Undergrad: 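Below you'll find the structure I mean.
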Amino acid sequence: MMTNTLNRRAFLKSSSAMVAGGVAAGTLGFSSSAQSAEDDGTYDVIVVGSGFAGVTAARNASQAGLKVLHLEASSRLGGRCFTSHFAGHDIDLGGTWIGWGQPHVWAEKMRYQIPITESAAFSASQYVWYPEPGHRRGGSPDDYWKVMYEANEAYFAPAREALPRPYSPLFVPDDKGLDRLTAKEAIEQLDVSAEQKVLLNGFAAINGHSPTDTSSYLDQLRWIALAGFNQFFMWDNLGRFRFEGGTKSLLTKMHEDSKAEFKTGQPVKSVEQTDDHVQVTTVRNETYVGRKLILAVPLNVISTIEYTPAISNTKMEISRQRHTGSGVKLYARIKGKHPLMFGHGTQDMPLTFVWTEYDDEDSQILVGFGASPELLDTTDAVAVQEAVNQYLPDAEVIDFVSYDWNVDPYSLGTWCMYRPGWLTESFEELQQAEGNIHFATADIASGWRGFIDGAIESGALAAEQVAELLKEGASA
């Protein structure tokens with residue numbers, strides 16, 4: 001048994017090598033019709049970050065005729081989307097699934113004609129769940145959904161009233177204080193069985209990728225609202241469809257359409273702005289000047305940059321606190337043929353969800369999610385084997401791979417869900433520009449926040465706002 005997992009001590013040493021073997025070869029081997037800065041070295045726009053938000057912003061701004069410099073801290077495209085190769089498949093160690101209920105990413109998929117495929121678990125015949133800690137139950141899909149469907153209906157019941165316009169999450173006041181309520185507290189108040197409360201805590205823990213006492217109940221309700229208040233359609237958008245060849249398939253196409261000048265290995269140290277310019281300084285003490293800056297980095301990373309003048313205390317404090325996304329994601333290859341499976345555990349188990357992602361001739365690849373790295377050391381082969389055996393007692397793990405986004409200095413966490421009070425008290429401020437600095441990240445999207453779709457939404461909006469302001473300035 002072996003592992004390809006990155007650990008904390010090895011991150012800085014190993015990350016570049018892992019990238020070279022996975023994403024970089026497929027994404028950085030092309031030019032992007034780079035535009036040069038004007039003679040005085042000033043760009044119209046500087047975009048920092050090359051996840052889907054940054055790539056969208058750079059493409060759209062450059063196609064609008066602006067001179068754009070696009071900076072990326074690491075040696076690869078993708079941000080928290082990271083396509084690598086494992087056991088004969090292009091797997092995504094970060095963002096993975098999309099759905100046609102996510103309008104921005106689906107429009108890009110149609111624009112570039114990127115083929116999709118389905119997770120094997122959507123044909124699963126074997127379901128495993130834990131109605132209480134240590135008590136394993138197995139059965140058919142119908143057996144599981146008889147319990148879980150009713151539980152979800154109760155959990156999501158306030159969504160239609162609280163979020164009638166899902167892309168305007170503050171459209172109605174939070175009169176019932178749902179944003180101040182944790183997911184755990186909300187579940188405790190439901191009139192459902194003890195078994196259903198255990199399952200709901202597991203589900204909500206993976207939504208927030210953290211224990212259920214850390215995330216806002218109102219923020220959890222967004223997912224069902226965005227899926228038309230239909231829990232099966234919600235699942236279609238959360239974990240059913242993925243790109244053939246991984247997320248790099250779309251990301252590469254979008255980047256190739258950008259006319260921006262693109263530079264990798266450019267971690268930003270500081271940002272200084274005047275009335276009409278922004279100066280970006282990297283850790284290498286290289287400086288770049290632009291009329292506008294689109295900072296397309298994760299929310300948790302914003303506070304690692306120095307700003308002159310200072311940006312709002314709200315942005316800095318929220319960034320320092322970090323959103324809830326801090327759990328683990330793991331792919332494990334198991335030996336032999338097995339029924340396609342879907343597993344749902346308790347939030348205190350090393351892996352709270354496990355399902356068959358790829359079904360091969362002589363093996364399967366499972367994907368699993370846990371609420372906390374404290375519950376599973378993804379570098380420990382024995383721990384991974386034991387975590388898988390909680391769902392499949394006879395399975396033998398041949399190999400596994402993971403990526404610790406919590407120690408990656410350019411992410412500092414996984415997908416975003418808000419802590420109690422953030423949505424109603426800080427969300428609008430998080431979206432606001434700071435002078436010539438505009439923000440673009442999935443973590444501040446109005447719709448599918450924390451998803452690829454939200455990243456594209458945010459990047460496109462920032463590019464549009466910047467282009468309009470520069471146009472107004474030119475005509476003034």
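Quick caveat, the model's predicted, so the values are computed rather than measured. Excluded from the calculations below are hydrogen atoms, water molecules and symmetry mates; all remaining heavy atoms, backbone and side chain alike, are included.
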Undergrad: Between Lys197 and Glu188, is there a donor-acceptor pair closer than 3.5 Å when you use the side chain of the first and the backbone of the second?
TA: yes
Undergrad: Counting N and O atoms only, with roles assigned by atom type, does the side chain of Thr83 sit under 3.5 Å from a partner on the main chain of Lys248, one being a donor and the other an acceptor?
TA: yes
Undergrad: Starting from the C-alpha separation in whole Å, work towards a yes-or-no answer on side chain to side chain contact (heavy atoms under 4.5 Å, CB included) for Val105 and Leu250.
TA: CA-CA 9 Å; Val105 68; Leu250 176 59; 4.0 Å; yes
Undergrad: Which pair of non-hydrogen atoms, one from Gln347 and one from Ala205, has the smallest distance, and what is that distance?
TA: CB-CB, 3.6 Å
Undergrad: Under a 4.0 Å N-O cut-off, is there an ion pair linking Glu185 with Arg180?
TA: no
Undergrad: Side-chain donor-acceptor pair under 3.5 Å between Thr356 and Asp359, yes or no?
TA: no
Undergrad: With Ser210, which of Thr214, Thr212, Asp213 fulfils side chain to side chain donor-acceptor pair (under 3.5 Å)?
TA: Thr214
Undergrad: Within the 3.5 Å criterion, strictly below it, is a donor on Glu429 or Ser426 matched to an acceptor on the partner's side chain?
TA: no
Undergrad: Would you say the side-chain atoms of Thr56 pair up with the backbone N or O of Phe52, donor to acceptor, closer than 3.5 Å?
TA: yes
Undergrad: Examine the side chains of Ser216 and Trp422 and answer whether a donor and an acceptor come within less than 3.5 Å of each other.
TA: no
Undergrad: Distance check, rounded to the nearest 0.5 Å: Glu317 atom CD versus Ser303 atom OG?
TA: 9.0 Å
Undergrad: Between Lys176 and Glu161, is there a side-chain N and carboxylate O pair less than 4.0 Å apart?
TA: yes
Undergrad: Check for me whether the distance between the ring centres of Phe122 and Phe342 falls short of 6.0 Å.
TA: no
Undergrad: Ignoring hydrogens and geometry beyond distance, is a side-chain donor-acceptor pair present between Gln385 and Asn389 at under 3.5 Å?
TA: yes
Undergrad: So for atom CD, which belongs to Glu428, do other residues, nucleotides or ligands contribute more than 12 heavy atoms lying within a distance under 6.0 Å?
TA: no
Undergrad: Determine whether a donor-acceptor pair (N or O, by modelled atom type, separation under 3.5 Å) exists between the side chain of Asn230 and the backbone of Phe232.
TA: yes
Undergrad: Grab the two heavy atoms, one from Pro350 and one from Ala387, that are nearest each other, plus how far apart they are.
TA: CB-CB, 3.9 Å
Undergrad: Can a donor-acceptor pair be found between the side chains of Asp377 and Thr379 at a distance below 3.5 Å?
TA: yes
Undergrad: Can you tell me how far CZ of Phe156 sits from CZ of Arg222, rounded to the nearest 0.5 angstrom?
TA: 11.0 Å
Undergrad: On a heavy-atom basis, which atom in Met254 and which in Val55 lie closest, and how many Å separate them?
TA: CB-CG1, 3.7 Å
Undergrad: Okay, side chain of Ser363, backbone of Asp360: is any donor-acceptor separation there less than 3.5 Å?
TA: no
Undergrad: Is the positively charged end of Arg333 above the ring of Phe86, judged by distance under 6.0 angstrom from the centroid and angle within 45° of the axis?
TA: no
Undergrad: Would you say that Tyr403 contacts Ser84 through its side chain, given a criterion of any heavy-atom pair below 4.5 Å between the two side chains?
TA: no
Undergrad: What are the two closest non-hydrogen atoms of Ala440 and Ile294, and how far apart are they?
TA: CB-CG2, 3.8 Å
Undergrad: Could you check Trp223, Tyr155, Tyr418 and say which one makes a ring-ring contact (aromatic ring centres under 6.0 Å, His included) with Tyr217?
TA: Tyr155
Undergrad: Identify the two heavy atoms, one from Ile116 and one from Glu244, that lie closest to each other, and give their separation to 0.1 Å.
TA: O-OE2, 3.8 Å
Undergrad: Before giving the answer on salt bridge (charged side-chain N to carboxylate O under 4.0 Å, His left out), spell out for Glu108 and Arg59 the whole-Å C-alpha distance, their side-chain angles and the decisive distance to 0.1 Å.
TA: CA-CA 12 Å; Glu108 299 290 353; Arg59 181 198 63 182; 2.7 Å; yes
Undergrad: Working note: Tyr149 + Tyr144, criterion ring pair (Phe, Tyr, Trp, His ring centres under 6.0 Å); need CA distance, chi angles, decisive distance, verdict.
TA: CA-CA 8 Å; Tyr149 183 86; Tyr144 169 80; over 10 Å; no
Undergrad: Can you tell me if Asn406 uses its side chain to pair, donor with acceptor, with the backbone of Ser326 under 3.5 Å?
TA: yes
Undergrad: Ser319 and Asn300: side-chain donor and acceptor closer than 3.5 Å?
TA: no
Undergrad: I want to check something: taking the side chain as every heavy atom from C-beta on, are Val367 and Ile91 in contact at a cut-off of under 4.5 Å?
TA: no
Undergrad: Below 4.5 Å, heavy atoms only, C-beta onward: do Met341 and Val354 meet side chain to side chain?
TA: yes
Undergrad: So does Ala460 get a backbone contact from the side chain of Asn60, meaning a donor-acceptor N/O pair under 3.5 Å?
TA: no
Undergrad: I'd like to know if the side chain of His135 pairs up with that of Tyr130 as donor and acceptor (distance under 3.5 Å, no hydrogens or angles considered).
TA: no
Undergrad: The test is side chain to side chain donor-acceptor pair (under 3.5 Å); show your working for Thr314 and Glu425 and say whether it passes.
TA: CA-CA 10 Å; Thr314 296; Glu425 297 172 15; over 6 Å; no
Undergrad: When you measure from the centre of the six-membered ring of Tyr358, is the NZ or CZ of Arg242 closer than 6.0 Å and no more than 45° off the axis?
TA: yes
Undergrad: Within the supplied structure, the quantity of interest is the number of heavy atoms (other residues, nucleotides, ligands) at a distance under 6.0 Å from Arg165 CZ; does it exceed 12?
TA: no
Undergrad: So which of Asp408, Asp443, Thr414 actually passes side chain to side chain contact (heavy atoms under 4.5 Å, CB included) with Pro298?
TA: Asp443
Undergrad: Around atom NZ of Lys109, are there more than 12 heavy atoms from other residues, nucleotides or ligands closer than 6.0 Å?
TA: yes
Undergrad: Would you find a donor on one side and an acceptor on the other, under 3.5 Å apart, between the side chain of Asn237 and the backbone of Gly101?
TA: yes
Undergrad: Tell me if the centroids of the rings in Trp235 and Phe233 come within less than 6.0 Å of each other.
TA: no
Undergrad: Is there side-chain contact between Leu199 and Val147, with at least one heavy-atom pair below 4.5 Å?
TA: yes
Undergrad: Determine, stepwise, if the pair Asp219 / Arg419 fulfils side chain to side chain contact (heavy atoms under 4.5 Å, CB included).
TA: CA-CA 8 Å; Asp219 210 34; Arg419 296 183 184 276; over 6 Å; no
Undergrad: Looking at Phe369, Tyr391, Tyr127, Trp129, which hits ring-ring contact (aromatic ring centres under 6.0 Å, His included) with Trp355?
TA: Phe369
Undergrad: Can you find a side-chain donor-acceptor pair between Glu434 and Tyr307 that sits under 3.5 Å?
TA: no
Undergrad: Tell me, do Leu423 and Pro169 make a side-chain contact under 4.5 Å, heavy atoms counted?
TA: yes
Undergrad: Below 4.5 Å, heavy atoms only, C-beta onward: do His209 and Met417 meet side chain to side chain?
TA: no
Undergrad: Are Lys329 and Leu93 side-chain neighbours, meaning at least one heavy-atom pair lies under 4.5 Å?
TA: no
Undergrad: Would you say Asp362's side chain and Gly336's backbone share a donor-acceptor pair under 3.5 angstrom?
TA: no
Undergrad: Compare every heavy atom of Ala332 with every heavy atom of Val397, then report the nearest pair and how far apart it is.
TA: CG1-CB, 4.4 Å
Undergrad: Under the rule for salt bridge (Lys or Arg N to Asp or Glu O under 4.0 Å), what residues qualify as partners of Arg137, not counting sequence neighbours?
TA: Glu195
Undergrad: Give, for atom OG1 of Thr346 and atom CG of Leu351, the distance between the pair rounded to the nearest 0.5 Å.
TA: 11.0 Å
Undergrad: Verify whether one side chain among Glu118 and Ser123 offers a donor that lies under 3.5 Å from an acceptor in the other.
TA: no
Undergrad: Taking atom NZ of Lys337 as the centre, report whether more than 12 heavy atoms of other residues, nucleotides or ligands fall under 6.0 Å from it.
TA: yes
Undergrad: Are the side chain of Glu357 and the backbone N or O of Tyr331 linked by a donor-acceptor pair below 3.5 Å?
TA: no
Undergrad: Do the non-hydrogen side-chain atoms of Thr441 and Arg80 ever get within less than 4.5 Å of each other?
TA: yes
